[in-house]
Amino acid sequence: MSFVITIDGPAGAGKSTTARAVADRLGFLYVDTGALYRALAFKVLSLGLSAEDEPALERCAQETRLGLAGTPGASQVWLDGVEVGGEIRTPAVSEMSSRLAARPGIRRQLVELQRSLRVKGPLVAEGRDLGTVVFPDAEVKIYLDADHETRVKRRHQELVRRGLPVQVEDVAADLQRRDERDRLRADSPLVAAPDAVLLDTSGMSAEQQVTAVLELARKHPRFPHRAADAREAG
Ligand code: C5P
């Protein structure tokens with residue numbers, strides 16, 4: 001089985017930045033599981049389906065082809081054979097993705113897809129339930145968190161960078177609503193795995209976060225040193 005690093009935590013904790021950079025440094029596959037929920041949410045919104053119509057949502061998930069490709073620095077998300085980008089990062093898609101993610105029938109399908117990626121090689125997977133549900137036997141499990149203010153600031157900056165004119169207050173409300181839903185749902189709630197290492201990133205730079213995860217990975221007895229060293233040297 002391939003070496004797996006999982007990074008879970010609430011929105012804005014620094015998961016994507018850290019996971020991408022760690023995967024890039026080690027030459028591991030980068031798995032953005034939130035992007036899968038987002039791509040499906042984008043389709044659900046485009047089709048005008050109701051977030052309450054469970055049978056229609058499950059059927060839609062079954063009929064949808066989702067894929068992740070590219071490199072950590074230029075990752076790609078594919079929806080029914082078409083690459084999607086900024087359109088899956090809007091506040092409306094964020095909200096719908098967290099509503100879909102509370103549905104066990106949807107989660108089952110997306111979790112199966114995520115697990116199947118392990119045959120491709122060592123990976124860094126980020127989301128909410130990677131260390132608890134998707135890869136409970138992962139070699140390294142990280143739970144990233146940061147105080148609310150820091151998380152709001154980071155998410156706001158990210159959206160502005162993407163050209164989405166959003167108010168800080170709206171970002172704060174969105175984060176609070178989604179985190180609450182993610183934490184309180186019955187199926188796979190957002191929670192740190194008992195064997196996860198907790199990192200509070202509030203006062204940390206991105207580089208410090210990456211270094212901390214790399215150190216933990218490298219000292220694991222099953223860490224694939226040869227492959228990762230060759231990658232870093234190259
Ligand atoms: O990580 P990101 O903010 O892109 O994820 C969007 C939404 O997808 C989250 O708010 C969460 O509800 C859901 N999600 C999840 N489990 C994952 C990844 C994302 O429930 N592993």
Side-chain angles (χ1 to χ4, degrees), residues 1-24 26 28-44 57 60-62 64-80 83-85 87-89 93-145 155 158 175 178-179 181-183 185 187-193 196 213:
M1 275 294 205
S2 300
F3 194 91
V4 170
I5 301 173
T6 61
I7 303 186
D8 290 306
K15 299 187 301 292
S16 298
T17 310
T18 309
R20 251 179 225 284
V22 169
D24 186 49
L26 299 177
F28 284 17
L29 195 69
Y30 165 60
V31 179
D32 174 4
T33 64
L36 298 172
Y37 290 92
R38 286 176 177 277
L40 184 61
F42 175 73
K43 179 167 174 178
V44 163
L57 295 174
C60 176
Q62 267 158 17
T64 300
R65 282 175 298 129
L66 293 168
L68 299 175
T71 59
S75 54
Q76 301 171 352
V77 185
W78 291 81
L79 169 64
D80 292 328
E83 190 183 351
V84 285
E87 63 268 46
I88 66 163
R89 305 286 165 188
V93 170
S94 297
E95 175 65 14
M96 179 57 89
S97 62
S98 101
R99 295 178 73 176
L100 292 183
R103 304 221 165 253
I106 304 277
R107 296 202 75 81
R108 220 175 306 121
Q109 295 183 47
L110 295 194
V111 165
E112 199 178 312
L113 168 62
Q114 292 158 36
R115 288 193 180 131
S116 73
L117 299 173
R118 198 170 187 174
V119 299
K120 295 189 175 189
L123 51 92
V124 183
E126 60 136 317
R128 306 293 188 289
D129 59 342
L130 277 306
T132 49
V133 176
V134 184
F135 298 117
D137 59 342
E139 279 77 9
V140 179
K141 298 184 188 181
I142 314 285
Y143 188 88
L144 288 191
D145 210 343
R155 183 45 61 102
E158 182 200 326
L175 280 199
R178 279 203 294 143
D179 286 348
R181 198 181 285 131
D182 290 347
R183 286 197 168 99
R185 68 185 174 218
D187 185 0
S188 318
L190 168 64
V191 62
V213 179

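These values consider heavy atoms only, across backbone and side chains, with no hydrogens, waters or symmetry-generated copies.
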> Set out, in order, the CA-CA distance, both residues' side-chain angles and the distance that settles side-chain contact (heavy atoms from CB on, under 4.5 Å) for C60 and L40, then state yes or no.
CA-CA 8 Å; C60 176; L40 184 61; 4.3 Å; yes
> ring-ring contact (aromatic ring centres under 6.0 Å, His included) with F42: which residues, sequence neighbours excluded?
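F42: no ring-ring contact (aromatic ring centres under 6.0 Å, His included) contacts found.
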> Considering all heavy atoms of both residues, which atom of S98 and which atom of R178 are nearest to each other, and what is their separation?
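Nearest pair, atom of S98 first, then R178: OG-CG, 3.6 Å.
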> Are any non-hydrogen side-chain atoms of L175 and P10 less than 4.5 angstrom apart?
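No, too far: nothing below the 4.5 Å cut-off.
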> Once side chain to side chain contact (heavy atoms under 4.5 Å, CB included) is applied, do any residues pair with P72, and if so which ones, sequence neighbours excluded?
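Once residues adjacent in sequence are excluded, the partners of P72 under the side chain to side chain contact (heavy atoms under 4.5 Å, CB included) criterion are A23, D24, Y30.
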> Taking all heavy atoms of D8 and all of G131, pick out the closest pair and write down the distance.
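Taking every non-hydrogen atom into account, OD2-N, 2.8 Å.
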> Does some side-chain heavy atom of L57 sit less than 4.5 Å from a side-chain heavy atom of V44?
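SC-SC contact between V44 and L57 confirmed.
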> Using modelled atom types and a 3.5 Å cut-off, is there a donor and acceptor pairing between side-chain atoms of D182 and backbone atoms of L190?
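The answer is no, because no donor-acceptor pair under 3.5 Å joins these two groups.
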> Taking only residues at least two apart or on different chains, which pairs with a member in residues 29-43 satisfy salt bridge (charged side-chain N to carboxylate O under 4.0 Å, His left out)?
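Counting only pairs at least two positions apart or across chains, the salt bridge (charged side-chain N to carboxylate O under 4.0 Å, His left out) contacts touching residues 29-43 are D32-R89, K43-D80.
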> Can you name the nearest heavy-atom pair linking E83 to E87, along with the distance?
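Shortest heavy-atom contact: O-OE2, 4.4 Å.
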> Show the nearest heavy-atom pair for residues L68 and A35, with the distance to one decimal.
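So the minimum-distance heavy-atom pair works out to CD2-CB, 4.4 Å.
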> Who are the side chain to side chain contact (heavy atoms under 4.5 Å, CB included) partners of A21, not counting sequence neighbours?
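Here the qualifying residues are V210.
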> Quick one: CD on Q62 to CD on Q109, what's the gap to the nearest 0.5 Å?
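Q62 CD to Q109 CD: 5.0 Å, rounded to 0.5 Å.
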> Can you tell me if R20 uses its side chain to pair, donor with acceptor, with the backbone of G73 under 3.5 Å?
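Side chain of R20 to backbone of G73: no pair is present.
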> So which heavy atom on A39 is nearest to which on L66, and how close?
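That would be CB-CD2, 3.6 Å.
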> Any chance you could measure L36, atom CG, to S97, atom OG, to the nearest 0.5 Å?
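Reported to 0.5 Å precision, the distance equals 11.0 Å.
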> How many angstroms lie between atom CG of L110 and atom OH of Y37, to the nearest 0.5 angstrom?
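One finds 5.0 Å between CG of L110 and OH of Y37.
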> Can you see which heavy atom on S116 is nearest to which on L113, and at what distance?
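Heavy-atom minimum between the residues: OG-O, 2.6 Å.
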> To the nearest 0.5 Å, what is the distance between CD (Q114) and CD (E112)?
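Here the rounded value is 10.5 Å.
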> Excluding sequence neighbours, so at least two apart, what forms salt bridge (Lys or Arg N to Asp or Glu O under 4.0 Å) with K15?
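If we apply the salt bridge (Lys or Arg N to Asp or Glu O under 4.0 Å) test to K15, skipping adjacent residues, there are no hits.
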> As a test of understanding, state which of V22, V140, V213, V4 forms a side-chain contact (heavy atoms from CB on, under 4.5 Å) with V124.
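With V124 as partner, side-chain contact (heavy atoms from CB on, under 4.5 Å) holds for just one option, V22.
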> Is there side-chain contact between R108 and D187, with at least one heavy-atom pair below 4.5 Å?
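Result no, sub-4.5 Å side-chain heavy-atom pair not found.
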> Is there side-chain contact between I88 and L79, with heavy atoms separated by less than 4.5 Å?
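Heavy-atom side-chain distance check fails, nothing below 4.5 Å.
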> I need the L29 CG to L117 CG distance, nearest 0.5 Å.
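Rounded to the nearest 0.5 Å, the CG-CG separation comes to 6.5 Å.
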> Scan residues 113-126 for pairs that pass salt bridge (charged side-chain N to carboxylate O under 4.0 Å, His left out), counting only residues two or more places apart or in two chains.
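Those involving residues 113-126 are R118-D137, R118-E139.
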> Could you tell me whether the side chain of L123 reaches within less than 4.5 Å of the side chain of F135, counting heavy atoms only?
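Counting from C-beta outward, F135 and L123 do come under 4.5 Å.
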> Using side-chain heavy atoms (C-beta onward) and a distance below 4.5 Å, is R107 in contact with D129?
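In short, these two side chains touch, coming nearer than 4.5 Å.
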> Does a side-chain heavy-atom distance below 4.5 Å link V134 with T33?
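No. Closest side-chain heavy atoms not under 4.5 Å.
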> If you apply the rule side-chain contact (heavy atoms from CB on, under 4.5 Å), what do you find for I5 with L26, and how did you get there?
CA-CA 11 Å; I5 301 173; L26 299 177; 4.0 Å; yes
> Under 3.5 Å, side chain of E95 to main-chain N/O of V93, donor-acceptor pair present?
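Judged by distance alone, no pair lies under 3.5 Å.
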> Would the distance check show the side chain of K141 and the main-chain N or O of P136 forming a donor-acceptor pair, the cut-off being under 3.5 Å?
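Side chain of K141 to backbone of P136, a donor-acceptor pair under 3.5 Å: yes, one is there.
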